[in-house]
Colleague: 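Take this structure, written in structure tokens, and hold onto it; I'll ask about it next.
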There are 2 protein chains.
Amino acid sequence: MKITFNKRDPVYVQVVQHFKEQIVSGKYELGQEIPSRRELANQLKINPNTAQRAYKEMEEAGLIFTEGNNPSRITKDEQVLRDLRTELIEGAVDRLIAAVEPVNIPIDELIGLIQEKYEEQRRGQV
Amino acid sequence: MKITFNKRDPVYVQVVQHFKEQIVSGKYELGQEIPSRRELANQLKINPNTAQRAYKEMEEAGLIFTEGNNPSRITKDEQVLRDLRTELIEGAVDRLIAAVEPVNIPIDELIGLIQEKYEEQRRGQV
DNA sequence: AATTGTGTATTAAGAAGTTAGTACACTAGG
DNA sequence: CCTAGTGTACTAACTTCTTAATACACAATT
């Protein structure tokens, strides 16, 4: 586990974001145990309370659950996962649309750019 | 002039963003005078120093210029405007690509969603 | 029983941004 | 001449949010 933090956003937000991406990309099994608050704090060199805050947010969002005093686990609710995927995609698209709204760029030109960048990125990661 | 501020980003950043969008969307003529720092502060109900900071950033970015002790004006450099337009578009596309990277969504599906949202937004504003 | 590892809660400290106050130099207009 | 309106600069205080430190209750394991 490793996250490269930016200085702009709060650490706990970035931790949540990282887990969301990991979950959606299938890096976790349903119900899989995740590191304890203290263990995560050790791995990421952050304060346990920051880890706690991130986990608390995720728990409230239904992404993870906790039984007894055992480390939390990824949700087993597939609907939550589908919703999360939709949330990530639609949020990204909404921000794109909002950002280019004042620019008045033709839709075809915009899509061309996206295809270029998309291919570029796929080549990069393969 | 009216900006609906969010609580997340610094006010001066949001002011700069607003002006960038106004400039790129053609709401300002080249060389057009913009409100003075104090006037802007009055209009937006913000502190004059916050307005000053926003204008200072814009001046350093070449978006506006100031002659003597007159209110600042929008740049007359069309290259700056083209660069700004490119910056807004490419930044938005880059953020989109980065955001959907973990989702593994097929490019066609993604483009379909974008076209939908784009049309939806165009209908909304017309 | 005692230690270790869980989750949880509360309070203190620190950092970043905004606001506030004040000041200075310059120019246009009365 | 002097008043008002520019841009600019500096410092201090205040706010808000994040992070850090500490403590507590519980369960499992040794």
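Below, chains carry the letters A, B, ... as their sequence lines are ordered, and counting in each starts from 1. All values below come from the heavy atoms of this structure, side chains included, with hydrogens, waters and symmetry mates left out.
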Colleague: Using a cut-off of 4.0 Å on non-hydrogen atoms, how would the nucleic acid contact of B:Tyr12 be classed: base, sugar-phosphate, or nothing?
Modeller: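 Answer is sugar-phosphate: B:Tyr12 comes under 4.0 Å of backbone atoms only.
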Colleague: Under a 3.5 Å threshold, yes or no: a donor from one side chain and an acceptor from the other, between A:Thr66 and A:Glu59?
Modeller: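 Their side chains do contain a donor-acceptor pair, which is all the 3.5 Å distance test asks for.
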Colleague: Which whole-number value in Å describes the distance from B:Glu33 CD to C:dA28 C1'?
Modeller: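 After rounding, the reported distance stands at 13 Å.
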Colleague: Rounding to a whole Å, what distance do you find between B:Asp9:CG and C:dG17:P?
Modeller: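 Going from CG in B:Asp9 over to P in C:dG17 covers 11 Å.
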Colleague: Does B:Asn49 contact C:dA20 through a side-chain donor or acceptor facing the base, at a distance under 3.5 Å?
Modeller: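 Indeed there is one.
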Colleague: Please verify the inter-ring angle class for A:Tyr55 with A:Phe19; under 30° counts as parallel, over 60° as perpendicular, anything in between as tilted.
Modeller: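 The rings of A:Tyr55 and A:Phe19 stand perpendicular, inter-plane angle above 60°.
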Colleague: Counting only side-chain nitrogens and oxygens, does B:Thr50 get under 4.0 Å of the OP1 or OP2 atom of C:dT18?
Modeller: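 Negative; the distance criterion is not met.
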Colleague: Please check if the side chain of A:Glu33 supplies one atom and the backbone of A:Ser72 the other of a donor-acceptor pair under 3.5 Å.
Modeller: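 Side chain of A:Glu33 to backbone of A:Ser72, a donor-acceptor pair under 3.5 Å: no, none is there.
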Colleague: Does D:dT6 have OP1 or OP2 sitting under 4.0 Å from an N or O in the side chain of B:Arg37?
Modeller: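 Indeed not, no polar side-chain atom of B:Arg37 lies that close.
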Colleague: A:Ser36 has a side chain; which of D:dG5, D:dG7, C:dG7 sits nearest to it?
Modeller: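 Nearest listed nucleotide: C:dG7.
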Colleague: In whole angstrom, give the distance that lies between atom CG of A:Asn47 and atom C1' of C:dT8.
Modeller: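 Atom-to-atom, A:Asn47 to C:dT8, this comes out as 14 Å.
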Colleague: Closest-nucleotide mapping onto DNA chain D: is A:Val13 or B:Asn70 further toward the 5' terminus? I mean the 5' end.
Modeller: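 So the residue in question is B:Asn70.
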Colleague: Calculate the interatomic distance between B:Arg53 atom CZ and D:dC10 atom C1'; express it in whole Å.
Modeller: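 That distance rounds to 14 Å.
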Colleague: Are B:Glu119 and B:Gln115 close enough that a side-chain donor and a side-chain acceptor fall under 3.5 Å?
Modeller: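 Short answer, no.
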Colleague: Toward the 5' end of DNA chain D, which comes first, A:Gly68 or B:Ser72, by nearest nucleotide?
Modeller: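 It is B:Ser72 whose nearest nucleotide is closer to the 5' end.
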Colleague: Quick one: B:Glu67 CD to D:dT6 C1', roughly how many Å, whole number?
Modeller: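 My rounded result for the distance is 14 Å.
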Colleague: In whole angstrom, give the distance that lies between atom OH of A:Tyr55 and atom C1' of C:dA9.
Modeller: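 Interatomic distance, OH of A:Tyr55 to C1' of C:dA9: 19 Å.
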Colleague: May I have the distance from A:Met58 (atom CE) to C:dG7 (atom C1'), rounded to whole angstrom?
Modeller: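 Taking CE of A:Met58 and C1' of C:dG7, I get 14 Å after rounding.
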Colleague: Give a yes/no on whether any side-chain N or O of A:Thr66 is located under 4.0 angstrom from OP1 or OP2 of C:dG7.
Modeller: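 No, because none of the side-chain N or O atoms of A:Thr66 sits under 4.0 Å from OP1 or OP2 of C:dG7.
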Colleague: Looking at the base of D:dG5, is there any donor atom on it, or on the side chain of B:Arg38, that sits under 3.5 Å from an acceptor on the other one?
Modeller: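 Under the 3.5 Å cut-off, the side chain and the base do not form any donor-acceptor pair.
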Colleague: Answer yes when A:Arg73 and A:Glu67 have at least one side-chain N-carboxylate O distance shorter than 4.0 Å, and no when they do not.
Modeller: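 Looking at A:Glu67 together with A:Arg73, the answer is no, because their closest N to O distance does not fall below 4.0 Å.
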Colleague: Quickly work out the B:Gln52 CD to C:dA23 P distance and round it to whole Å.
Modeller: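 Answer to the nearest Å: 18 Å.
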